Amino acid sequence: MPQQPATRASASGATARLDARTGRDHKAISALADDLLPALVAKLAASGLGEIEIREGAWKARLRKPTGTGRSAARTGAEPYHAPRPAALEHARAEDSRPRREPAEAEAEDAPIMATSPAVGVFQPRKGLEAGMQVRAGERLGTVDVLGVREEVVSPIDGIIGTSLAESGEPVEYGQGLIVIEIPEKSGRVEAGQAEQEAAAVLGEA
Amino acid sequence: MFNKVLIANRGEIALRILRACRTMGVGAVVAYSEADRDSLAAQLADEAICIGPADARRSYLSAPAVISSAIVTGCDAIHPGYGFLSEDEGFAEVVRAHGLTFIGPPPEVLNRFASKEATRRLFEAHGLRTIPGSQMLRDEAHALEEADRIGYPVMIKPAAGGGGKGMRLVRSARELESSLKVSRSEAKAGFGDDSLYLEKYLEETRHVEVQVAVDRHGNAIHLGERDCSVQRRHQKLIEETPSPALSTTARQELCQKAVKAVSKAGYESLGTLEFLVDGKGDAYFIEINCRIQVEHTVTEMVTGLDMVTMQIAIAAGDRLPIRQSDVVPRGHAIQFRILAEDPSTDFRPQAGEILGYLTPGGPGVRMDSHLYPGYEVPSFYDSLLGKLCVWAPDRASAIARGDAALRELLVDGLDTNIELHRAILANQIFVDGKMTTNLLDRVGSAPFVAAGSR
């Protein structure tokens, strides 16, 4: 968020500049909200990207694809489950009554790209699938069995099979992360700059 | 009793069912869509599972998603709540085929009551008065003949479905001729079935419904009636019990007839028989709802019973825990449906963040809601934010408590219909207990609000 220029000047010029700036901000915000966001949401859903960030004037918007990390994992079996402390209760107890936002930003920075479950059911990885294998975007990595019907688990991007997050035969929920897909980079890490370039490419298509 | 129940619904009713399971010592898993990840029910549950995306057709309305999630979480029963899959006999059947129990009527019972027209005839045979109506219409000539026999005005109704789709009011033979085709295509498009029938249209009616509970061991009781005459475009807004439309003897008679009819017709589970009551106090059966209803709360307030636990127990094969003589309604209860709709912009549903939320208190006040400050009301589902219920020894005191509670209730961040409720409470026709189902639409909601804030 841009800092409002601190000014003690009472001159009308300063006020006008301030007004103009506020006007620009409002314009930028509504441009983001009305024009870009719906298109971006569609793009993000269709793309293999995990996250898109765009700038409009001094404002930016960041979209992140929901992943199956954290508490979204299906909780079954003997493993004792501890309820996450509800945000609702946090609010009730918090000294600061302002709505608390998820620390999505911090989380998002290092969020891995994953093949996620298309449905609730039982996960079965493809035979012979191993860490280190190269896969293409859209390639079948396994299935989730939903009442006898197999739904395909596919790779969201071109990459290399990383850690498995679910065992063969494990019950999984919709959207749960199943297999980490690594980007074949020299460093093995996605640089912020590259992500931005990809986002820009996506934007360009729009 | 069940080991673990899958709650296949959202909002306040998911929370209500979760509470029932907890008081019974039964495990519960909340099934939620991606849009409901932060919902109160999902957060408070010991177990929760994401079953699909926001689109209800791929989550709450998807039989495979719901049943698969029950299986992978080790549930042995599914509670469908209301709406969504709650009265879908096909779903109930598949649930059973997978070795699970559907909490509601068994599939064959749901099937028997699936057609409104057939249900009407069945209950007529078991002693309930029904609105004069026709057989299924064969063709236009048949329709005109039947309408003449019944007498205009008549309502054209589809045999399947509900929610007013395909329904048309006609006042003459000419109107009937021109409306038949439209109704038929609407019914075909909405329900995949274009069977129509005619029904006599009653001009000024009240909506009164009788709550019944029937177990599979031949025990049947009623839990009194509810009056749901305050409606906007066929959507109930305020419900109360007892109904101001009925005398004590008329109430007794109606409830007894209803319980006798469901018993003879082989119903099982909780159920609601809906009637239209005309100006003379005559009640005509219109349809049965085979689910827990939004307005079950007012019945709980006057009877002191927990109807959701009762529904779960019946589905588990238990006997009814009480007899008719144990049901002793006391006082008067009123429920207000708090909706995210702005009366000043033609009730457009609202979505967005709840910035502030404060619930009323005091004697006889109950709030069933899934709201909390910071909660994002998603735009994908219905506009019900919660239900405010008040109880008092008599109707006048209940109205006073209702108004005090509505003044206290704070829902900040969205437009709601709270002021409309207050305006209705201040209206003389409501105070006199003389609301009819068409009044709000005839007068318009804006004049009500304007008159209320004078």
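Predicted model only: the values in this text are computed from it and were never measured. Per chain, numbering begins at 1; letters A, B, ... match sequence-line order.
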Legend entry - Top of B:Ala65, B:Ser59, B:Pro53 for chain A proximity - count of heavy-atom pairs under 4.5 angstrom: B:Pro53
Inset, instruction - Starting at OG of B:Ser69, measure out to OH of A:Tyr174 and round the result to the nearest 0.5 Å. - result: 14.0 Å
Inset, instruction - For A:Arg126, look at atom CZ and say whether over 12 heavy atoms of other residues, nucleotides or ligands are found less than 6.0 Å away. - result: yes
Inset, instruction - Let me know if B:Ile51 has heavy atoms under 4.5 Å from chain A in its side chain, its backbone, both or neither. - result: both
Legend entry - side chain to side chain contact (heavy atoms under 4.5 Å, CB included) between A:Val120 and B:Thr73, worked out: CA-CA 10 Å; A:Val120 184; B:Thr73 52; over 6 Å; no
Legend entry - Top contributor to chain A contacts, counting heavy-atom pairs under 4.5 Å, from B:Ser62, B:Pro64, B:Ser33: B:Pro64
Inset, instruction - Count the heavy atoms of every other residue, nucleotide or ligand shown that sit under 6.0 Å from CD of A:Gln134, and state whether that count exceeds 12. - result: no
Inset, instruction - Identify which one of A:Val122, A:Val146, A:Asp145 satisfies the side-chain contact (heavy atoms from CB on, under 4.5 Å) criterion when paired with B:Ser68. - result: A:Val146
Inset, instruction - Tell me, yes or no, whether the heavy-atom count around B:Glu408 atom CD, taken from other residues, nucleotides or ligands under 6.0 Å, exceeds 12. - result: yes
Legend entry - Atom CZ of B:Arg407 with >12 non-hydrogen neighbours under 6.0 angstrom: no
